Amino acid sequence: MQNHNNIRNINMKKQPCIVDTWNKFFGAFFLDNGNTFFRLFTFSYVKNVMLEIKPYNKPILKYNMNKVTNGIWQFEIEKGIVSNGDRYRFLIDYGNEILSVKDPCSMWQDSYFKWSKIYNHSLFEWTDSEWMCSQNYKKISRLSNDTNKLTPVEALRIYELHIGTFTQEGTFLAAKEKIEKISNELHFNAIELMPVENTYSFNWGYDGVDKYAPNHTYGTPDDLKNLINHAHNCGLNVIMDIVPNHLGPDITQLHETGPYIEGDNCFGYKFNYEKDEDSKRVRDFIVGASLNWIINYHCDGLRVDMTKFMCSDYTMKQMVAEINYHMPDAFLIAEDGRDNDDRVTRPFSASETAENELYHEKFVDKIRKNNVSLSSLGFDTEWDFPFHKQIAASVLGSWDCRVKNLCAFDYSLRAAQSRVKYPMSHDEIGNIDGTRLISKIMVNELKLNDKICDCCHTQKCKIAAHCAHNILISLVSGELEKMSDEQRMEFYKKNSLTVDIPVSQVFASYIKAVNMHKLVIGKIYSIPGPKMLFQGDEEANLSYFKFFRKFSTGPENYLREKGYEPGLPAFLDSKLSSVSVSDKYLYINEAVRKYVRDLNLLCEHNIAISTGHIEKTVINEQADIHAIYSRKIYNEIFSVSNFSSVSYSKNYGIMFPKGKWKEIFNSDNQKYAGEGKYLNSDLIFEQFSYISLNAYGIVFFEKIL
């Protein structure tokens, strides 16, 4: 049977796998001749390194490794001695002591003890060769053009998910059973996996300590490959979230293994990317980790976490240069956080993208020596923080002290076309209080901050958010309506409220919050370029997503500062299945699912709002109305959004772009849980026209002539 493990693009003239470039990378590999190769980067002053192999049911084998240069040790073992799954470790002789350490590049790590497991990537039988050879039009590639018919990065419609909470089981294989709906029913074209770097505590994944190994609590490396292989066969691109800006606290041995660490940053241990001569090896280490997910796991792109806290633009540029060279179709998304610094997504200059192999080596060597221009870092796109803050302000009234302002919103919207736009990511949910956008809107609608018992402002906001969440859960489960007045008042007191809130008011506020939730999603879909939703938002799911972390060691006070206790209960509360919804409210979940499905289809069938560009925008600050005219080639779309509580019934006057226009999507449609009163069906509009537009609604028109 043909092994497709290293097939990427049949026309490529690049190195096909990490093994072919192991002179720059580290770890343990099965070579093509059947031999096993081990390579370790450690301190330059180390006296000796011994490799120990622990075959299954056999005595431990010991080998003295060969010193290549200061800090680099390697050894090759003949075919037949080492098998897939055998354990191994390194014994490092520092002169005054000998320490046993696991492989910092371990591909398979099922415990935090000092034994790694060797993993043979070539044994897995992939069935996605058509996808990897770029013969499927759904594949997204940074090399897309009119000739190869691949989908460009601008067309990304991403579903961000967390393996641990996406299903009840919280495993790769359980996620595999569920992701088909993301493509076939919801029509997203990509999933973004929050980090699966191995760690040993329940957490988001942003505290990984084994940068090359999948999280053992989610399953084996083969299980992850099964998930990705299935995603490709479902027409879904796979984006892997990686964390090169810090190392988590769980039983880390990198301090003992080599000069990998240089102090702390605000997240944890910081990597030694630029401190000294050893830094170039550390940069190679993290670049190897990024290539591992693309080459060995067939990921189509990477989302790189908080790149500004890498504190090394050289490392960012080397990562892009190596990936562009070895895997030129793979795309890179930065979460940079420097207010959309243009350098991050500025393409390399013509001289920096030369195809010649010798030039590539010189270019990367210049980066290693900190001797290259940093005016362009070459990422394909980035998460758009400024736009997110503006879109949140549009429905929450303020966000980070930003007051609603449609002119500022319009400015950020125009800049967002080439960047990844989202209502809320895991950060805005979990980093604040664990509640979703609908709960946050409810705090405003019910004026909960004014009804919470006396406490400091920061604490009051967190208590109010949890109170809104608890009220909503009680409402949609049907429990709130069953309570007597006395029981309801007691329930509110337990949630720190000083007054009674009638069920009718809670229900009306919930419906309004759902409409605002839909508006924000609709607005994001009206803007050309990449789009993203977080798991559950496609159905207005109310489950918490708390920053759950159960430390093996270290303090937990910072979690309590966020307003909730750490550990397993928060993990269970964050499961998508954790919220019980009565039959009376299930229609809302289904209606929002249809809404998101049809928005995805709208983008799929209209290039103006997928890969097009904004021709102009229309702002009416008095009425809180914002409209966008987008186009690409023959396709033209005009969308009108209402950010106010006022509805219009054929009496909102607006100037249409030249031509004749027909409504193709309206958030007030009853199948989206709308009233159905504010539709413009079967009407043709041109020039200045009067349209219907519901409160917190969005309407899409297509040019027909």
Side-chain angles (χ1 to χ4, degrees), residues 140 156-197 199 202-206 208 214-215 217-219 223-243 293 297-305 333 335 383 420-431 434 436-437 521 524 530-548 571-579 589 592-593 596-597 600:
I140 290 174
L156 276 168
R157 301 188 305 276
I158 305 167
Y159 186 95
E160 184 189 14
L161 67 89
H162 177 262
I163 293 295
T165 56
F166 183 57
T167 64
Q168 186 61 35
E169 298 85 354
T171 64
F172 295 129
L173 293 182
K176 174 186 172 182
E177 299 302 314
K178 193 175 175 182
I179 62 167
E180 195 166 338
K181 294 182 179 180
I182 295 174
S183 172
N184 295 347
E185 293 184 15
L186 294 171
H187 294 275
F188 287 91
N189 61 12
I191 55 173
E192 179 180 311
L193 303 180
M194 289 175 64
V196 301
E197 298 171 357
T199 186
F202 293 117
N203 71 81
W204 275 352
Y206 294 96
N215 190 318
T217 64
Y218 298 159
D223 292 342
L224 175 56
K225 289 182 177 181
N226 261 304
L227 170 62
I228 295 171
N229 188 64
H230 183 61
H232 287 165
N233 289 323
C234 291
L236 284 169
N237 293 266
V238 179
I239 303 165
M240 182 64 74
D241 199 341
I242 64 170
V243 189
W293 300 115
Y297 288 92
H298 289 196
C299 290
D300 303 285
L302 300 178
R303 181 265 190 189
V304 188
D305 183 64
I333 304 171
E335 183 202 23
W383 277 22
V420 179
K421 301 162 284 293
Y422 50 90
M424 281 195 170
S425 72
H426 62 272
D427 280 320
E428 290 77 37
I429 301 170
N431 263 339
R436 293 172 178 265
L437 180 59
I521 294 174
I524 284 166
K531 305 154 178 67
M532 184 182 76
L533 294 186
F534 184 63
Q535 64 179 35
D537 282 351
E538 81 285 358
E539 60 181 14
N541 190 288
L542 298 174
S543 61
Y544 274 127
F545 190 74
K546 297 183 178 182
F547 187 98
F548 55 90
F571 168 75
L572 295 176
D573 287 346
S574 298
K575 297 277 187 181
L576 281 179
S577 56
S578 64
V579 175
N589 299 101
V592 177
R593 283 178 67 86
V596 170
R597 175 201 65 191
N600 277 322

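When a residue number appears, it is its place in the shown sequence, counting from 1. These figures come from a predicted structure and were not determined experimentally.
- Side-chain atoms of E197 come within 3.5 Å of backbone N or O of V243 as a donor-acceptor pair.
- Here the CZ atom belonging to R597 is positioned 16.0 Å from the CD1 atom belonging to I182, to the nearest 0.5 angstrom.
- Not a single donor-acceptor pair under 3.5 Å links the side chain of K546 to the backbone N or O of G434.
- Considering only residues two or more places apart in sequence or on other chains, A190 meets the side-chain contact (heavy atoms from CB on, under 4.5 Å) condition with L156, I158, N237, I239.
- Listed by first and then second residue, the salt bridge (charged side-chain N to carboxylate O under 4.0 Å, His left out) pairs involving residues 229-238 amount to none (not counting sequence neighbours).
- The closest side-chain heavy-atom distance from N215 to I163 is not below 4.5 Å.
- Take E169 and apply the salt bridge (charged side-chain N to carboxylate O under 4.0 Å, His left out) test, not counting sequence neighbours, and it matches no residue.
- Between the S183 side chain and the C234 main chain, a donor and an acceptor come within less than 3.5 Å of each other.
- Rounded to the nearest 0.5 Å, atoms CG (D300) and CD1 (I140) are 8.0 Å apart.
- Under a 3.5 Å cut-off, the side chain of K531 and the backbone N or O of Y422 do not form any donor-acceptor pair.
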Validation: residues 170-178 side-chain donor-acceptor distances under 3.5 Å, sequence neighbours left out:
residue : atom : partner : partner atom : Å
T171    : OG1  : A174    : N            : 3.1
K178    : NZ   : F166    : O            : 2.8

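- With sequence neighbours left out, the side chain to side chain donor-acceptor pair (under 3.5 Å) criterion links Y159 to E538.
- One distance of note links CG of N229 with CG of L224; it measures 11.0 Å at 0.5 Å rounding.
- In terms of modelled atom types and a separation under 3.5 Å, the side chain of S543 and the main chain of V579 share no donor-acceptor contact.
- Shown here are the side-chain contact (heavy atoms from CB on, under 4.5 Å) partners of N184, two or more places apart in sequence or in another chain: E180.
- With sequence neighbours excluded, the residues that form a side-chain contact (heavy atoms from CB on, under 4.5 Å) with D427 are W204, R303, E335, W383, S425, N431.
- The side-chain contact (heavy atoms from CB on, under 4.5 Å) check on A540 picks up I438, H517, V592, with sequence neighbours excluded.
- Going from atom CG of N189 over to atom CZ of R157 covers 4.5 Å, rounded to the nearest 0.5 Å.
- To the nearest 0.5 angstrom, T165 atom OG1 is 7.0 Å from K575 atom NZ.
- One finds the NZ atom of K421 at 8.5 Å from the CD1 atom of I524 (value rounded to the nearest 0.5 Å).
- Residues satisfying the ring-ring contact (aromatic ring centres under 6.0 Å, His included) criterion with F534, sequence neighbours excluded, are F545.
- The side chain to side chain donor-acceptor pair (under 3.5 Å) search around H426 returns E160, Y206, not counting sequence neighbours.
- By the side chain to side chain donor-acceptor pair (under 3.5 Å) test, H187 is found to be paired with no residue, residues two or more places apart in sequence or in another chain being considered.
- Minimum heavy-atom separation, M240 to C299: CB-SG, 3.7 Å.
- In this structure the side chain of L161 reaches within 4.5 angstrom of the side chain of L193, judged on heavy atoms.
- Evaluation of the ring-ring contact (aromatic ring centres under 6.0 Å, His included) rule for Y297 yields H121, W293 as partners, not counting sequence neighbours.
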Handout entry: Intermediate values then yes/no, side chain to side chain contact (heavy atoms under 4.5 Å, CB included), V596 and N600
Key = CA-CA 6 Å; V596 170; N600 277 322; 3.8 Å; yes
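- Across K181, R593, R436, a single residue satisfies salt bridge (Lys or Arg N to Asp or Glu O under 4.0 Å) together with E539, and that is R593.
- Here the side chain of N541 pairs a donor or acceptor atom with the backbone of L576 at under 3.5 angstrom.
- D537 is not listed as a side-chain neighbour of L437, based on a closest heavy-atom distance of 4.5 Å or more.
- The shortest distance between side-chain heavy atoms of F188 and L533 falls below 4.5 Å.
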Practice task
Evaluate side chain to side chain contact (heavy atoms under 4.5 Å, CB included) for I333 paired with L302, printing each intermediate quantity in order.
Solution key: CA-CA 6 Å; I333 304 171; L302 300 178; over 6 Å; no
